[in-house]
Amino acid sequence: MRLPIYTAAFTGLMASPALAADLELNLEIPRLTVAEYHRPYVAVWIETPDKAAVKTLAVWYDVKMKNQEGEKWLKDMRQWWRRAGRDMTLPADGVSGATRAPGKHQVVFKGGAAPLGNLPAGQYNLVVEAAREVGGTEVLRAPFQWPPKARATSSAKGTSELGAMSVTVKP
Amino acid sequence: MTFARRGALAAVSVIAALAIPAAASAHRQWLLPSATVLSGADPWISVDAAVSNDLFYFDHVAMRTDGIAVINPDGSKGEIKNPATGKYRSTFDVQLSQPGTYKIVNTGEGASASYKLGGETKRWRGSAAELATAIPKEATEVKIMENARRVETFATRGAPTKEALKLTGRGLELEPVTHPNDLVASEPATFKLVLDGKPAANVEVEVVQGGGRYSKAAELKVKTDATGAFTVNWPSAGMYWLEAGVRGGTSSIPNAERSASYVMTLEVLPD
């Protein structure tokens, strides 16, 4: 019965570069000196170069408020809401999460696993949109190629609601 | 020009009467929603309703709320809540308990007439049903106008839907090509004007941006094509007022001229 085992191993080997690849987001939420501070709502999604949303990877909002009241402000992440959010059912497993405090955050999305799943080969942007109560909104984009042939990093820098952002893809 | 022409044949003697609604429409009717794009399980909007020259400043006269209707995303009839009418504006709320697009609409149908009696010119306004008894038999130079007006705005919870946007086939209406709650400044929007269910060709549409009190508001005019379609390139994000009017079409009143107007308020979001 060796042959089926070889076949399985071979199939696994072929698929593994995409499946094992990682998409790593490093994102800084800036500390702001304002009288009234609320943590921003943040959406992270993948889009094609023509800005069509492919997949929402994370939405950080007030998930714990009673009666899902935190969802009232999801529409303030305007670009994400129009392109993806309004068609989603929230909360979504592995996507919805609590708001994050100012500081540096790292999130790693694994190829083949939710929420990234099996992303078709191509050129993409990772998009981050932040919207803050009594604050503003900001959108950052960093391009990446999928699946990665080698480790590659691209970055963007916010000026108001977001700080430095970088996207690293690793085979 | 189908409608205007058909109207013109019957309307030569009605020109004088046309001045009445035209002068009245210098004041703009509007519904102003507090938000048009909403998320969450139970969002509400509050709507101002008024008639004024400058948009959207309530400084002339309130719009009455008894003619205002809500059409739910599933096509059923909704309701306005907490209506109140002040000197200059009315306000009311709409609870968006269903996901999808709501239409908020104020329609009015009526008739107006002018005639001569004993050498004096008289004017009358009322419902079509009252018309038969409103004008004395000895009146001469009777000119009758049947009026239909429609003032609308829209609000959407979640993804935009189209059920509430279905046409009634009466008066001047808007058929969306671009969804009225899916507007951003960088993308042109296309809509179709329809009179009694048929394309309203070659009709001028006035587009005015709100907020003209301290600096001149953006204003533009576009015309519908043969299919009734018109396209607006938004000068910037903001709240917009659109109006169109036609004369002609079929009047249900014998020997009457027909006028129909359509107004809507749209929100164009920044990119």
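Letters A, B, ... are given to chains in the order of the sequence lines, protein chains preceding strands, and every chain is numbered from 1.
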Colleague: Non-hydrogen contacts under 4.5 angstrom with chain B: give the residues of residues 37-61 of chain A involved, or none if there are none.
Modeller: none
Colleague: When only pairs under 4.5 Å are counted, which of B/Ala35, B/Pro43, B/Pro160 shares the most heavy-atom pairs with chain A?
Modeller: B/Pro160
Colleague: With a sphere of 6.0 Å drawn around CG of A/Asp93, does it hold more than 12 non-hydrogen atoms of other residues, nucleotides or ligands?
Modeller: no
Colleague: For atom CZ of B/Arg170, is the number of surrounding heavy atoms from other residues, nucleotides or ligands below 6.0 Å larger than 12?
Modeller: no
Colleague: Answer with side chain, backbone, both or neither: which region of B/Asp182 has an atom nearer than 4.5 Å to a non-hydrogen atom of chain A?
Modeller: both
Colleague: Where does B/Leu38 contact chain A at under 4.5 Å (heavy atoms): side chain, backbone, both or neither?
Modeller: backbone
Colleague: Sort B/Pro270 into side chain, backbone, both or neither according to what part of it lies under 4.5 angstrom from a heavy atom of chain A.
Modeller: both
Colleague: Applying a criterion of heavy atom separation less than 4.5 Å, what residues of residues 69-83 of chain A form contacts with chain B?
Modeller: A/Glu71, A/Lys72, A/Trp73, A/Leu74, A/Lys75, A/Arg78, A/Gln79, A/Trp81, A/Arg82
Colleague: Determine all donor-acceptor pairs shorter than 3.5 Å in which one atom belongs to a side chain in residues 151-159 of chain B; sequence neighbours excluded.
Modeller:
residue  : atom : partner  : partner atom : Å
B/Glu152 : OE1  : B/Tyr262 : OH           : 2.4
B/Glu152 : OE2  : B/Lys103 : NZ           : 3.2
B/Glu152 : OE2  : B/Arg150 : NH1          : 2.8
B/Thr153 : OG1  : B/Thr265 : O            : 2.9
B/Thr156 : OG1  : B/Thr101 : OG1          : 2.7
B/Thr156 : OG1  : B/Asn181 : OD1          : 2.6
B/Arg157 : NE   : B/Gly40  : O            : 3.2
B/Arg157 : NH1  : B/Ala41  : O            : 3.4
B/Arg157 : NH1  : B/Leu96  : O            : 3.2
B/Arg157 : NH1  : B/Ser97  : O            : 2.8

Colleague: Using distance only, find each side-chain donor-acceptor pair of residues 84-93 of chain B under 3.5 Å and give its atom names and separation, not counting sequence neighbours.
Modeller:
residue : atom : partner : partner atom : Å
B/Thr85 : OG1  : B/Ser90 : OG           : 2.8
B/Arg89 : NH1  : B/Asp48 : OD1          : 3.2
B/Arg89 : NH1  : B/Asp48 : OD2          : 3.1
B/Ser90 : OG   : B/Met63 : O            : 2.5
B/Asp93 : OD1  : B/Ser46 : OG           : 3.3
B/Asp93 : OD2  : B/Asn82 : ND2          : 2.7

